[in-house]
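This report refers to the structure that appears directly beneath it.
Convention: sequence-line order gives letters A, B, ...; per-chain numbering from 1. Hydrogens, waters and symmetry mates are skipped; everything else that's a heavy atom, side chains included, is used.
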Amino acid sequence: MYNYHLCTKRLVLCIDQKSFFASVSCILKGLDPLTTKLAVVADTKRKGSVVLAATPPLKQLGIKTGSRLFEIPSRSDIYIINPSMKTYLTYAQRITEIALRYVAPEDFHQYSVDEFFIDMTDSLHLFSKTIEEFAQLLKTTIYEDTGIHCAIGIGDNVLLSKLALDFEAKHHPTGVARIQYHDVPSRLWPLKPLSDFWGINKRTERKLNKRGIFTIGDLAQYPYEYLKRDFGIIGVDLHLHANGIDESIIREKGEIFKPSISKSQILMRDYKVEELKAIIIEHAEVLGYRLRRKSLLARTIKCSIGYSDGEKIAKQQTINDGTDLTEKIVSVVWKYIYQHVDHHRMIRTVSISLTGLIPKSEQQMTLFDDSTDLKQGIIDQTMDRIKEKYGQTAVMRGTAYGQSGTALERKNLIAGHKK
DNA sequence: TCTGGGGTCCTAGGACCC
DNA sequence: TCTGGGGTCCTAGGACCC
């Protein structure tokens, strides 16, 4: 049993917008998310498409995030709709602005589009007497300003706030729950299955089950050395988290540096290898554009290809000086695909990710000795400017117009979702 | 009835260097 | 005959998150 008096104790809130995409889509239609059965699916035209969000009444019928479109019963009282990503982002922005009325930006952390953390340790006294009272205030304000219901977990650290949210607040009628260090044995330890716990998925759960670990309490009391031996660093985290320990503090994270940029796509149909070139160019253009906008260079280019049968292969290549040239990304990826992908098999997924990102200011001048690179750089810059002025589809390389290009069909999508 | 898209972080083995 | 050790980087593949 840990001596929690030695642990950093803060007032952290984890806020989750209930069925976020589905709720916003209800509001857009003038419907009440708490009484309407509505699902947002990635693409209503694809039967196997995943459910991105479902309202609570639909969830009661067994449909949840990750279900497939064909699992939803066809009933006249169930709405099935495509995402409106642009609007979702606008709502998320409005909610962020509300949160920032109560904390300094360094005490705020956006975890995902519908989830964020705030550390109220320093500013609570300005707004409320107790943290529970503040949570209610925040919840009410968000609802009154946007129509979105949220759930709030309160904890002595970031982890406990997240667990309070996932295990209790989301299921309580009040939508608010608090877990402190002294609650760990009574409220965390009885929990099972393990895969409900943050950071443990089914596979890890099975491995733990084999060792006779079924509850969080089992995990907390299992000899730490064995976890470390068998699971490495993750084992250490499993042990600490099961004991409610997490020393991270939001404002100490510093500026968040995103270590990678990626673009992946499940294709609308099976593709032959030769048909992939146009897709690669589209992806490279988007990635190159994102790199150049941030004045970054990528040193490592990684390409993953998924065959129709689900098998995946990947290859990465590191370029010492780094690049932000669309053409360079295309040539590295295409060379790999052409040489290493089996031309007799059909392709269903394509993903390119850029890592080892470095600021462009660190670029070696030698790169510019190559006049081809210089020319490509000018072409990219010109295309970027046209796109900024007239939109993403204003200019495209010739190949994107061919049969296998998807950029034109996708121009109305954000992150693969409909605007 | 084939598939969301965007991420982060870890590991094991190998190459290479001193 | 039978192998140095430590550090760093790269690669391919997983696990997990929303």
Sugar-phosphate, base or nothing in reach of A/Ser308, heavy atoms under 4.0 Å: base
Sugar-phosphate only, base, or nothing, as touched by A/Phe197 at under 4.0 Å among non-hydrogen atoms: sugar-phosphate
Side-chain N,O (A/Arg203) to OP1/OP2 (C/dA15) below 4.0 Å: yes
Sugar-phosphate, base or nothing in reach of A/Leu69, heavy atoms under 4.0 Å: nothing
Residue closer to the 5' end of DNA chain B, A/Gly232 versus A/Ser260 (nearest nucleotide): A/Ser260
Per A/Pro259 side chain, nearest of listed nucleotides C/dC17, C/dC10, B/dC9: B/dC9
Pair assignment for B/dC18, Watson-Crick or G-U wobble, requiring both distances under 3.5 Å: C/dG5
Gap between atoms CZ and C1', on A/Phe21 and B/dG5 respectively (whole Å): 10 Å
A/Gln316 side chain near C/dA12 phosphate (N/O to OP1/OP2, under 4.0 Å): no
Touch class at under 4.0 angstrom, heavy-atom based, for A/Lys315 against every strand present: sugar-phosphate
Residue-phosphate contact under 4.0 Å: A/Arg348 side-chain N/O, B/dC2 OP1/OP2: no
Side chains of A/Pro33 and A/Leu38 in contact at under 4.5 Å (non-hydrogen atoms): no
Lys/Arg-Asp/Glu bridge criterion (N-O < 4.0 Å) met for A/Glu275, A/Arg269: yes
Whole-Å distance separating the NE2 atom of A/His241 from the P atom of C/dC17: 12 Å
OP1 or OP2 of C/dC9 under 4.0 Å from side-chain N/O of A/Arg299: no
Side chain of A/Ala314 - closest among B/dT8, C/dC18, C/dG13: C/dG13
B/dT3 OP1/OP2 closer than 4.0 Å to side-chain N/O of A/Arg46: yes
Short side-chain N/O contact to B/dG6 OP1/OP2 from A/Ser264, under 4.0 Å: yes
Donor-acceptor side-chain pairing of A/Arg10 and A/Asn157 below 3.5 angstrom: no
Gap in Å between the two P atoms, one belonging to B/dT3 and one to C/dC17, rounded: 24 Å
A/Lys202 NZ - C/dC17 P separation (whole Å): 11 Å
Spacing of the C1' atoms in B/dC2 and C/dC18 (rounded, Å): 22 Å
Ring-ring centroid check A/Tyr102 A/Phe134, cutoff 6.0 Å: yes
Whole-Å distance separating the CZ atom of A/Phe231 from the P atom of B/dT11: 12 Å
A/Trp198, nearest nucleotide to its side chain (from B/dG7, C/dC17, B/dT1): C/dC17
Touch class at under 4.0 angstrom, heavy-atom based, for A/Lys162 against every strand present: sugar-phosphate
Touch class at under 4.0 angstrom, heavy-atom based, for A/Glu71 against every strand present: nothing
N/O (side chain, A/Arg290) to phosphate O (OP1/OP2, B/dG7) under 4.0 Å: yes
5' priority, DNA chain B, between A/Phe70 and A/Ile261 [closest heavy atom]: A/Phe70
C/dG14 OP1/OP2 closer than 4.0 Å to side-chain N/O of A/Lys302: no
Euclidean distance, atom CG of residue A/Asn201 to atom C1' of B/dC9 [Å, nearest integer]: 15 Å
Distance in angstrom units between A/Ile266 CD1 and B/dG4 P, rounded: 4 Å
Nucleotide B/dT8, atom C1' - distance to CD1 of A/Ile234 in whole Å: 11 Å
A/Tyr88 side, atom OH; A/Ser25 side, atom OG - distance, nearest 0.5 Å: 2.5 Å
Ring pair (Phe, Tyr, Trp, His ring centres under 6.0 Å) assessment of A/Tyr2 paired with A/His239: CA-CA 11 Å; A/Tyr2 278 87; A/His239 170 81; 5.8 Å; yes
Phosphate-side-chain proximity, A/Ser262 and B/dG6, N/O vs OP1/OP2 below 4.0 Å: no
Whole-Å gap separating P (C/dG14) and CD1 (A/Ile200): 22 Å
Heavy-atom side-chain proximity of A/Leu160 to A/Leu188 below 4.5 angstrom: yes
